Amino acid sequence: MSGAPKPSPRASARIDLRALRGNLERVRAHAPGSQVMAIVKANAYGHGLVPVARALSTGPAAVDAFGVACMAEALVLREAGLRHPVLLLEGVLDAADLRLAVHHGLDLVVHHPEQLALLEHTRLAVPVRVWVKLDSGMHRLGFPLQQARALGQRLLQCPNVSPPLAWMTHLAYADDRRSLRTPEQLERFQAAVRDLDGPRSVANSGGVLAWPQAHLDWVRPGIMLYGVSPFLGRSADQEGLRPVMSLHTRLIAVNPLCKGDAVGYGGTWVCPQDMPVGVAAIGYGDGYPRHAGIGTPVLVNGRRAALVGRVSMDMICLDLRGHDGARVGDPVVLWGAGLPVEEVARHAGTIPYELLCAVSQRVAFTVQDEPVLVSTGTGTSPPS
Ligand SMILES: *Cc1c(COP(=O)(O)O)cnc(C)c1O
């Protein structure tokens, strides 16, 4: 069989599924008494929904459910053959999506009176499982806490609802591991659902790592599965996590520039001396942040170099002083193993979540998994 030769990728994102499973094991270790709903919205935080969900659904730590933001994401999971419970974190907006949810066996968040009315006024073939979202202080989605009991009664009277109800809320200050608002939110939520039946869920990644009292029946980790710390000013290795995505490209030019030469659009950086400046093939058209400032670190041949000048659509320029051996074609790492995305995000004035989600279609994704294990034993004793 012959095919046209494939172009060698310019920029590539390597997705390490071993790291992903290791991070899931960290979730299990932190919250051993809780079920795990892996949050895989936004294409699994930019990592690729199907390979990530498949990897999370097998192995000893396998997740119990998935959480997605919208119907389209849920359908991708079903089309890939994943039969786990899937929760639509924003629920549905109309009867057509409600029927689609029933057809595909999806679970619904109900966070608004309109959704309650929709459930009561639509005829469904089978009842759905409902997670009631309560607002314990974030003031984004959710019913006021004091309505919990009445809501519960109303939903349980609705023939479209399959009991028991599940109860959830979302933490607004989970990026601060010392925030006093988090225990306040938790206490308010617990008081509101005290006498009500059904499982409870509060903890996102910040809750999993820093607030054991928030673990309850279900935890909902997102960012930590991808090997990123949810806390400002901390990096993944401090939490025992390993980055899942590494973003790579190569040098396409190494230019000997002179003292006084201005580099890139607007000439925002001027060479302080005669020096080599590298050009790497990645830019905001690939999802590398345009706001990454002068001095943002990258790895050239595994060693740190600093970004200079403005990020262009397809390229960035690098200060290669001290990288005398650097040549066209040499590898450049933008973030991942050896260079925390948390650090790059700080230089770009944003959070790692945004950088990971923004990696664009032009980047080639490759998935690295466990090598297939070959048995070397005699086959008489089970593996320990
Ligand atoms: C995105 C999301 C999460 C996961 O948050 P992380 O900070 O990524 O762990 C959990 N719960 C809900 C409702 C979410 O929308």
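Computed from a predicted structure; not experimentally measured. What's counted below: heavy atoms across the whole structure, side chains too, no hydrogens, waters or symmetry copies. Remember, it's 1-based here, ligands and their atoms both numbered in the order they're listed.
- Residue-level proximity to ligand 1 for Ile223 is carried by backbone and side chain together, each with a heavy atom below 4.0 angstrom.
- Ranking the protein heavy atoms by distance from atom 7 (O) of ligand 1 puts Tyr353 OH, 2.7 Å first.
- Distance from atom 9 (O) of ligand 1 to its nearest protein heavy atom, with residue and atom name: Ser205 OG, 2.5 Å.
- Residue Ile39 has at least one heavy-atom neighbour below 4.0 Å for each of these atoms of ligand 1: 1 (C), 3 (C), 4 (C), 10 (C).
- Residues Ala101 and Leu88 come closest through the heavy atom pair CB-CD1, 4.2 Å.
- Across all their heavy atoms, Glu342 and Ser229 have their closest contact at OE2-N, 2.9 Å.
- Closest protein heavy atom to atom 11 (N) of ligand 1: Arg220 NE, 3.0 Å.
- Defined by atom type and a distance below 3.5 Å, a donor-acceptor pair is present between the side-chain atoms of Arg181 and Tyr173.
- Considering Lys133, His111, Lys41 only, the shortest heavy-atom separation from atom 2 (C) of ligand 1 involves Lys41.
- The residue Met224 has no part lying near ligand 1, judged by heavy-atom distances below 4.0 Å.
- Val311 and Ile252 fall into different hydrophobic clusters, where Ile, Leu, Val, Met, Phe, Trp and Tyr residues are linked whenever their side-chain heavy atoms come under 4.5 Å apart, directly or through other members.
- The protein non-hydrogen atom at the shortest distance from atom 12 (C) of ligand 1 is His170 CE1, 3.4 Å.
- Placement of Leu339 and Val341 within a single hydrophobic cluster is found when ILVMFWY residues are connected by side-chain heavy-atom separations under 4.5 Å, directly or transitively.
- No side-chain donor from either of Ser312 and Asp314 sits under 3.5 Å from a side-chain acceptor of the other.
- For atom 5 (O) of ligand 1, the closest heavy atom belonging to the protein is Asn204 CB, 3.5 Å.
- Of the inter-residue distances, the one linking Gln368 atom CD with Leu20 atom CG reads 12.5 Å to the nearest 0.5 angstrom.
- Some N or O of Gly222 is nearer than 3.5 Å to an N or O of ligand 1, by distance alone.
- Nearest non-hydrogen protein atom to atom 8 (O) of ligand 1 is Tyr45 OH, 2.5 Å.
- Side-chain contact check for Arg220 and Ser201: at least one donor-acceptor pair (N or O, by modelled atom type) lies under 3.5 Å.
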